[in-house]
Amino acid sequence: MTAVLSAFFRQGTYALIGIPLLLVASRLPSTFWKRSAWLVLAGGCVLQLLVIATPLGVTVNGNRNWLQLGPIPALQPSELIKVGVVLWLGMFLAKKQHRITQFSHTLIPTVLVLGSSIILVALGGDLGTTVILIMMVLGGLFFAGIPLRHLVLLTAVSATIAILTALSRPNRVTRILSFLHPATADYSGSGWQIQNGYFALGDGGIFGVGLGNSKAKWSWLPAVDTDFIFAVIGEELGLIGACVVLLLIVVLGVAFLRIIRATPDPFARVVTASIMVWIIGQALVNIAVVLGLVPVLGVPLPLISAGGTALISSLLAIGIVLSSPEKPIPC
């Protein structure tokens, strides 16, 4: 019980940091975020370099994606890179709006700058975050109006790189084989997590076993408070609770689309689109993993899973979406 309360208060502390940050971000004008794009992206890349190239990096479950700075809780620089990617992409494509169809003026600089940032995350072994970053870039380019043939080419290249990266480690290959051939998966090994996720969802039924009454979360389901938290939601709150979570995701996605459609500002449109793909896309990937629709990637459920850096970055991103392009920078 002490551990549960400790986790609750820890996550609550991150929320108390993230919510005011959201409110402050929503009051800043888009000119502030445009000027901050390079700084945020560069800062995230420098921190990620510390993760992969110095002893400050922390490895968890084979992924070197955390940074430990003394007594400060471990941070995920890749989350800051996500914010930097959406700001840089919005800033750059807004400047190149009149040349959006020219391959050399839009696609090549985007691949060079953002591709380098994504490679830094991939070098840490975090395939899930790498895939989400690629999706964010593709989503931003699509809503910016890049020619479809360019987008298809970039998607094909990105998919090839992602597949080769997935096949570069034996544990990932095992996960993929377990997904493709679930009947032959080792339930005491590679199939343990997904199988116990199914058990949790099945135990929940229609109405669930009650909030806090999950059995799977007690050492049966790995990554129970992050990657597989949706399985616990389905167990405790049942099909109804799981559908409510899906409905909330849909509502948030519709809100993003309304903002994209209403804004005449290309920066706001690209940034909102990238953040929509980030939050909504990551949520759908997380749920798809629990349902066995895609191989286990290891991405948390935004705004719900435990994780301080992820929660703060998601709240900051929503604040950026709410910021206005018409407000002057405060003195």
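This is a predicted model, so every value here is computed, not measured. Throughout, numbering of the chain's residues begins at 1 and tracks the sequence.
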Answer whether the closest heavy-atom distance between the side chains of Val277 and Leu138 falls below 4.5 Å. no

Heavy-atom count around Tyr198 OH within 6.0 Å, excluding the residue itself: above 12? yes

Val290 side chain near Leu301 side chain, heavy-atom distance below 4.5 Å: no

Exam field: side chain Asp126 to backbone Val121, donor-acceptor pair closer than 3.5 Å: no

Test item: Arg99 side-chain N/O and Thr106 main-chain N/O as donor-acceptor pair under 3.5 Å: no

Are any of the side-chain heavy atoms of Ser36 and Met91 separated by less than 4.5 Å? no

Any donor-acceptor pair under 3.5 Å from Ser305 side chain to Thr226 backbone: yes

Sequence-distant partners of Ala255, side chain to side chain contact (heavy atoms under 4.5 Å, CB included), two or more places apart: none

Taking the side chain as everything from C-beta on, heavy atoms only, tell me whether Lys215 gets closer than 4.5 Å to Asp203. no

For the hydrophobic clusters of this structure (ILVMFWY residues joined by side-chain heavy atoms under 4.5 Å, transitively), does one cluster hold both Val244 and Ile229? no

In a check of side-chain contact (heavy atoms from CB on, under 4.5 Å) between Ile275 and each of Ile259, Val86, Ile280, Val83, which one passes? Val86

Hey, is the main chain of Leu154 close enough, under 3.5 Å, to the side chain of Ser158 for a donor-acceptor pair? yes

Partners meeting side chain to side chain contact (heavy atoms under 4.5 Å, CB included) with Leu39 (sequence neighbours left out): none

Under 4.5 Å between any side-chain heavy atoms of Leu87 and Trp38, yes or no? no

Using the rule given for side chain to side chain donor-acceptor pair (under 3.5 Å), can you reason through Ser313 versus Glu79, listing the C-alpha separation, both sets of side-chain angles and the distance that settles it, and then say yes or no? CA-CA 6 Å; Ser313 64; Glu79 293 295 328; 2.8 Å; yes

Side-chain contact test, heavy atoms from C-beta onward, threshold under 4.5 Å: evaluate it for Val271 versus Ile320 and give yes or no. yes

